[in-house]
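Just so it is clear, the model here is predicted, and its values are computed rather than measured. Throughout, numbering of the chain's residues begins at 1 and tracks the sequence. The analysis underlying the following values was restricted to heavy atoms, covering all of them including side chains, and did not include hydrogens, waters or symmetry mates.
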Amino acid sequence: MASTMLFSFFFLLLLISLPPPSSAAALAPKNSELFREYIGAEFNGIKFSDVPINPSVDFHFILSFAIDYTSDGSSSTNGHFNVFWDSNNLTPDQVRAIKNRHSNVKVAVSLGGGSVGNGSPVYFNPSSVDSWVSNAVSSLTAIIQRYHLDGVDIDYEQFSADSDTFADCIGKLIMTLKNNGVISFASIAPFANEDVQKHYISLWKKYGEYIDYVNFQFYAYDSSTTVSQFLSYFETQRWNYKGGRVLVSFGTDPLSGGLKPEKGFFTACKSLKKQGKLQGLENGASTIGELHKTHIGGLENIMMIFRRISLFPADFPVDFNNF
């Protein structure tokens with residue numbers, strides 16, 4: 001996401017439904033709770049089964065990442081995507097199994113990310129719109145079908161192409177995958193950087209009807225963010241992605257930015273909830289399973305957060321010692 005630090009800390013994204021929705025946003029459930037979790041970027045052995053799943057919410061795993069770079073991460077490939085997530089522990093059979101076990105689970109793939117290989121930045125670098133889209137549709141259709149996936153998430157953060165080229169490449173990719181019945185939903189993951197916003201707002205203006213969620217990275221704002229500033233930032237992004245279903249976030253790592261729980265995050269959420277806009281939650285950091293394996297207490301605290309915003313009920317069974 002906003003940096004390689006994304007997967008070094010835990011953050012939550014709360015789904016905000018913005019009336020009136022665009023035609024694309026209307027494709028997603030309007031009144032159901034949603035939990036989304038990025039998984040697979042850290043290669044730490046975490047599996048789908050390490051994550052507790054509430055059967056009463058829509059649950060999306062997002063595999064991170066597929067990148068149009070050579071398998072060694074040395075150069076871009078003009079839309080020929082390769083798998084860069086932990087494919088030894090997150091296999092096609094495991095995707096099929098978790099979806100068969102939980103009818104409320106869907107699995108998507110995130111495209112791009114902040115870095116690749118030894119930490120080199122990932123650049124969106126198409127040779128041309130038509131060639132990139134053709135290659136991307138072909139390679140991603142193969143990956144999506146092989147892994148039994150349901151959607152895509154767009155997380156490019158550095159660009160060697162102008163905003164119109166980005167918009168046409170990504171927009172046509174999403175449109176084609178949807179029209180071909182390959183995916184059922186798509187999301188984008190912008191943050192408050194001038195160049196990033198220029199590219200994603202251009203995409204939104206041209207192809208917003210095909211985008212179901214805006215995973216806005218509010219944790220990329222300054223760590224001194226106050227409740228009033230947070231709500232102001234939200235309104236700004238609500239305007240930038242007018243008609244979209246925007247997600248808000250916070251980070252619990254001391255180095256992360258944005259509005260922290262101890263500084264009023266839940267106060268801000270309460271304000272949004274009173275307006276009938278709070279519907280769900282997303283975890284985009286090291287997975288809940290990873291937090292369990294590194295620190296049981298951390299997982300317990302996170303489950304308390306989930307229950308506090310009513311995503312997991314108080315009696316939802318979680319065995320912290322045996323996932």
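- The two atoms that bring Phe216 and Ala192 nearest to each other are CZ-N, 3.6 Å, heavy atoms only.
- From Leu140, atom CG reaches atom CG of Asn135 across 10.0 Å, with rounding to the nearest 0.5 Å.
- Heavy-atom contacts from other residues, nucleotides or ligands closer than 6.0 Å to CD of Glu262 number more than 12.
- One finds the CG atom of Leu259 at 7.5 Å from the OG1 atom of Thr226 (value rounded to the nearest 0.5 Å).
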Val107 and Leu90: side chain to side chain contact (heavy atoms under 4.5 Å, CB included), yes or no, with the steps?
-> CA-CA 11 Å; Val107 184; Leu90 302 168; over 6 Å; no
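- Ile188 contributes atom CD1, which lies 5.5 Å from atom OH of Tyr241 (distance to the nearest 0.5 angstrom).
- For Ser128 and Asp130, the side-chain atoms include no donor-acceptor pair closer than 3.5 Å.
- Partners of Phe61 under the ring-ring contact (aromatic ring centres under 6.0 Å, His included) rule, at least two apart in sequence or in another chain, are Phe48, Phe59.
- Panel note: side chain Lys99, backbone His148; a donor-acceptor pair is recorded below 3.5 Å.
- With a 4.5 Å cut-off on side-chain heavy atoms, Ile98 and Ile53 count as touching.
- The distance from the OG atom of Ser134 to the CG atom of Asn78 is 9.5 Å, given to the nearest 0.5 Å.
- A donor-acceptor pair under 3.5 Å is absent between the side-chain atoms of Lys172 and the main chain of Val133, judged by distance alone.
- Listed for the Ser75 side chain is no donor-acceptor partner under 3.5 Å among the backbone atoms of Thr70.
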Is there a side chain to side chain contact (heavy atoms under 4.5 Å, CB included) between Asp164 and Lys206 once you walk through the steps?
-> CA-CA 9 Å; Asp164 286 336; Lys206 288 187 174 183; 3.6 Å; yes
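- Put simply, the side chain of Ser184 gets close to the backbone of Asp150: a donor and an acceptor are under 3.5 Å apart.
- Inter-residue side-chain proximity for Phe218 and Val246 is flagged as met; some heavy-atom pair is nearer than 4.5 Å.
- Between Ile154 and Ile174 the shortest heavy-atom distance is CG1-CD1, 4.1 Å.
- Here the closest non-hydrogen pair linking Trp204 and Val214 is CZ3-CG2, 3.9 Å.
- When all heavy atoms are compared, the tightest approach of Thr91 to Ser87 is CG2-O, 3.2 Å.
- If you check the side chains of Asp155 and Tyr38, you find no donor sitting under 3.5 Å from an acceptor.
- Nearest heavy atom pair, residue Leu231 against residue Ser271, reads CD1-OG, 4.2 Å.
- A donor-acceptor pair under 3.5 Å is absent between the side-chain atoms of Asn180 and the main chain of Val182, judged by distance alone.
- Of the possible donor and acceptor atoms, none in the side chain of Asn104 sits under 3.5 Å from a partner among the backbone N and O of Ser56.
- A donor-acceptor contact shorter than 3.5 Å links the side chain of Gln217 to the backbone of Ala189.
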Could you go step by step and tell me if Asp168 and Trp132 meet the side chain to side chain contact (heavy atoms under 4.5 Å, CB included) rule?
-> CA-CA 10 Å; Asp168 286 334; Trp132 189 92; over 6 Å; no
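- For the atom pair CG of Leu177 and CG of Leu149, the computed distance is 11.0 Å after rounding to the nearest 0.5 Å.
- For Thr176, the side-chain hydrogen bond (donor to acceptor under 3.5 Å, both in side chains) test picks out no residue, with sequence neighbours left out.
- Here Asp93 pairs with nothing under the side-chain hydrogen bond (donor to acceptor under 3.5 Å, both in side chains) rule; sequence neighbours left out.
- A 4.5 Å side-chain heavy-atom check between Val83 and Leu63 finds every atom pair outside the cut-off.
- Under the 3.5 Å distance criterion, the side-chain polar atoms of Thr141 are matched with a main-chain donor or acceptor of Val137.
- In this structure, the side-chain hydrogen bond (donor to acceptor under 3.5 Å, both in side chains) partners of Tyr221, at least two apart in sequence or on a different chain, are Gln237.
- Residues Ile39 and Ile62 form no side-chain contact, since every pair of their non-hydrogen atoms from C-beta on lies 4.5 Å or further apart.
- Shown are Trp85, Phe65, Tyr147; of these, the side-chain contact (heavy atoms from CB on, under 4.5 Å) with Val109 is made only by Trp85.
- With contacts defined as side-chain heavy-atom distances shorter than 4.5 Å, the pair Leu111/Leu173 qualifies.
- For the pair Thr77 (side chain) and Asp68 (backbone), a donor-acceptor distance under 3.5 Å is present.
- In this model, a donor atom of one side chain and an acceptor atom of the other lie less than 3.5 Å apart for Ser187 and Asp153.
- In this structure Ser224 satisfies the side-chain hydrogen bond (donor to acceptor under 3.5 Å, both in side chains) test together with Asp222, sequence neighbours excluded.
- Sorted by first and then second residue, the ring pair (Phe, Tyr, Trp, His ring centres under 6.0 Å) pairs involving residues 165-185 (not counting sequence neighbours) are His60-Phe185, Phe124-Phe166, Phe159-Phe166, Phe166-His199, Phe166-Tyr200.
- Looking at Ile46 and Asp86, their side chains never come closer than 4.5 Å, going by heavy atoms from C-beta outward.
- A distance of 12.0 Å separates CD of Gln197 from OG of Ser163, quoted to the nearest 0.5 Å.
- Contact between Asn82 and Ser71 at its shortest, heavy atoms only, is ND2-N, 3.8 Å.
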